Amino acid sequence: MEFIALSQRTGDSKYQLKVENVILELNKTFPPDGLLPIYINPLRGTRSYSTVTFGAMGDSFYEYLLKVWIQGNKTAAVKHYREMWETSMGGLESLVRRSTPSSFAYLCERIGSSLTDKMDELACFAPGMLALGSSGYGPAEAKKFLSLAEELAWTCYNFYQSTPTKLAGENYFFNPGQDMSVGTSWNILRPETVESLFYLWRLTGNKTYQEWGWNIFQAFEKNSRIDSGYVGLKDVNTGVKDNMMQSFFLAETLKYLYLLFSPSSVISLDEWVFNTEAHPIKIMTRHDLAAGKSDGKHIIETRSRARKEGRLPDN
């Protein structure tokens with residue numbers, strides 16, 4: 001997204017061509033389920049035996065397949081991004097499981113053919129992504145994916161509600177009969193859940209998502225606010241603070257909370273698309289040829305109308 005925007009603003013297509021060539025190479029050997037491991041050999045393009053996840057180190061790939069399609073105003077020039085994304089969403093469905101006894105939907109991780117019943121809070125961007133991409137499907141598929149988005153958002157909200165501090169841990173495990181339990185128990189002020197609440201509120205108008213976002217904000221106010229800013233928690237069960245405010249708390253978490261309570265005309269999703277760090281990028285209609293097949297001309301028309309790792313808290 002960023003390099004495409006750089007080409008649009010400089011008039012030099014070299015940045016766009018470089019990054020889009022990567023997608024074309026990946027597309028040549030794209031797996032039938034659209035799920036890639038987090039490590040790929042940069043020389044041969046071959047996939048390694050490593051984790052498939054919508055959490056740390058895997059998340060933004062799937063997010064950007066959708067968002068580059070939106071950034072290009074959904075024209076034929078970016079159609080292959082949407083096609084790859086839809087393939088990946090079919091793969092995502094294969095990772096969905098539901099807990100007992102409360103039937104919380106969650107996304108497993110996979111190594112080889114083995115599934116792990118673990119979900120990162122980082123993967124809580126997925127409900128927003130699914131909601132954003134649902135309108136590109138036909139009616140039945142759109143309804144299915146929006147419903148899945150809402151189910152996953154409920155799970156992510158309960159990552160917060162299930163702890164004494166009402167702040168989410170870094171990841172959760174799902175064991176039979178136990179619903180969810182905190183794995184890594186720190187909270188470093190991550191934005192993914194409120195990001196998804198923002199998208200779901202914008203796209204459905206359901207004020208429940210504003211209520212959930214307000215509750216999360218109140219938990220940050222109660223547990224993380226100090227005189228000089230906000231800090232994370234070393235443990236969401238005890239409320240013991242660390243001494244660090246991640247940059248993404250301002251750039252993303254508070255931005256999405258602000259937008260959750262702003263009119264839909266503020267950074268309209270009809271005109272802007274957010275990158276993975278919540279920076280708005282203008283939607284620009286693309287009629288250029290696919291990367292690697294360009295004639296060197298840069299034809300762009302302005303539209304008229306992991307995810308981040310974060311620094312770890314000190315031990």
Side-chain angles (χ1 to χ4, degrees), residues 22-66 80-130 133-134 137 140-141 144-156 158-159 168-184 192 196 276 306-309:
V22 175
I23 300 299
L24 288 179
E25 289 300 315
L26 290 175
N27 201 16
K28 289 177 183 177
T29 58
F30 207 49
D33 65 1
L35 300 179
L36 294 178
I38 57 176
Y39 295 117
I40 294 174
N41 187 298
L43 300 178
R44 297 188 297 273
T46 53
R47 300 187 290 276
S48 68
Y49 187 79
S50 57
T51 303
V52 169
T53 178
F54 279 81
M57 301 178 69
D59 47 358
S60 297
F61 171 73
Y62 306 103
E63 177 186 5
Y64 270 25
L65 290 179
L66 174 67
H80 59 293
Y81 286 98
R82 174 75 196 199
E83 292 170 342
M84 291 175 72
W85 182 78
E86 289 191 9
T87 300
S88 297
M89 293 309 98
L92 176 145
E93 288 186 279
S94 73
L95 301 180
V96 175
R97 296 292 183 274
R98 287 173 174 80
S99 71
T100 55
S102 301
S103 197
F104 289 114
Y106 62 94
L107 298 177
C108 292
E109 296 183 349
R110 191 183 79 195
I111 299 181
S113 59
S114 299
L115 296 180
T116 302
D117 294 295
K118 168 182 172 286
M119 181 174 171
D120 290 347
E121 195 281 337
L122 277 163
C124 286
F125 86 96
M129 174 189 68
L130 289 166
S134 64
Y137 288 106
E141 288 289 285
K144 179 184 74 172
F145 279 105
L146 182 57
S147 177
L148 178 58
E150 293 176 323
E151 282 193 85
L152 290 170
W154 171 238
T155 301
C156 291
N158 278 277
F159 284 174
E170 183 75 353
N171 52 54
Y172 284 76
F173 289 89
F174 296 82
N175 298 307
Q178 299 178 22
D179 282 329
M180 62 182 70
S181 58
V182 177
T184 304
E192 287 76 21
S196 284
T276 195
R307 287 234 164 238
K308 70 293 305 167
E309 284 296 295

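Only a predicted model underlies this, so the values are computations on that prediction, with no experimental measurement involved.
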Peer 1: Identify the heavy atoms of L36 and P31 that sit nearest to each other, and give their distance.
Peer 2: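 So the minimum-distance heavy-atom pair works out to CD2-CD, 3.6 Å.
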Peer 1: Using atom types as modelled and distance alone, determine if a side-chain donor or acceptor of S60 lies under 3.5 Å from a backbone N or O of T276.
Peer 2: no
Peer 1: Is there side-chain contact between F174 and C108, with at least one heavy-atom pair below 4.5 Å?
Peer 2: no
Peer 1: Measuring only between side-chain heavy atoms, which start at C-beta, is V52 closer than 4.5 Å to I111?
Peer 2: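 Of all side-chain heavy-atom pairs linking I111 with V52, none is under 4.5 Å.
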Peer 1: With rounding to the nearest 0.5 angstrom, report the CD1 to CZ distance, I40 to F61.
Peer 2: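 CZ of F61 is found 7.0 Å from CD1 of I40.
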Peer 1: Assess whether side chain to side chain donor-acceptor pair (under 3.5 Å) is satisfied between T53 and E109, documenting all intermediate values.
Peer 2: CA-CA 5 Å; T53 178; E109 296 183 349; 3.2 Å; yes
Peer 1: I'd like to know if the side chain of S99 and the backbone of D179 have a donor-acceptor N/O pair within less than 3.5 Å.
Peer 2: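 Pair absent, no side-chain N/O of S99 close to backbone of D179.
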Peer 1: Going by heavy atoms in the side chains, are R98 and F104 under 4.5 Å from each other?
Peer 2: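 SC-SC contact between R98 and F104 ruled out.
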Peer 1: I'd like to know if the side chain of N158 and the backbone of W154 have a donor-acceptor N/O pair within less than 3.5 Å.
Peer 2: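 Side chain of N158 to backbone of W154: a pair is present.
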Peer 1: Does any non-hydrogen side-chain atom of M57 lie less than 4.5 Å from one of Y39?
Peer 2: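 Yes, at least one pair of side-chain atoms sits under 4.5 Å.
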Peer 1: Are side-chain N/O atoms of N41 and T46 paired as donor and acceptor at under 3.5 Å?
Peer 2: no
Peer 1: With distance as the sole test, does S94 use its side chain to make a donor-acceptor pair with the main-chain N or O of G90 at under 3.5 Å?
Peer 2: no
Peer 1: Determine, for Y137 and R82, whether the Lys NZ or Arg CZ falls below 6.0 Å from the six-membered ring centre while staying within 45 degrees of the axis.
Peer 2: yes
Peer 1: Do Y62 and F54 have ring centres separated by under 6.0 Å?
Peer 2: yes
Peer 1: Please check if the side chain of Y172 supplies one atom and the backbone of F159 the other of a donor-acceptor pair under 3.5 Å.
Peer 2: yes
Peer 1: Nearest 0.5 angstrom please: T87 OG1 to F30 CZ, how far?
Peer 2: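 With rounding to 0.5 Å, OG1 (T87) is 6.0 Å from CZ (F30).
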Peer 1: Kindly assign one of parallel, tilted or perpendicular to the pair W85 and F145, based on the angle between their ring planes and the thresholds 30° and 60°.
Peer 2: tilted
Peer 1: Using atom types as modelled and distance alone, determine if a side-chain donor or acceptor of T184 lies under 3.5 Å from a backbone N or O of E170.
Peer 2: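 Between the backbone of E170 and the side chain of T184 there is no qualifying donor-acceptor contact (under 3.5 Å).
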Peer 1: Return the CD to OG distance between E150 and S134, rounded to the nearest 0.5 Å.
Peer 2: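 Going from CD on E150 over to OG on S134, the span is 9.0 Å.
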Peer 1: Within the structure provided, determine whether M129 and L66 are in side-chain contact (heavy-atom separation under 4.5 Å).
Peer 2: yes
Peer 1: Just by modelled atom types, is the P37 backbone N or O under 3.5 Å from a matching donor or acceptor in the S50 side chain?
Peer 2: no
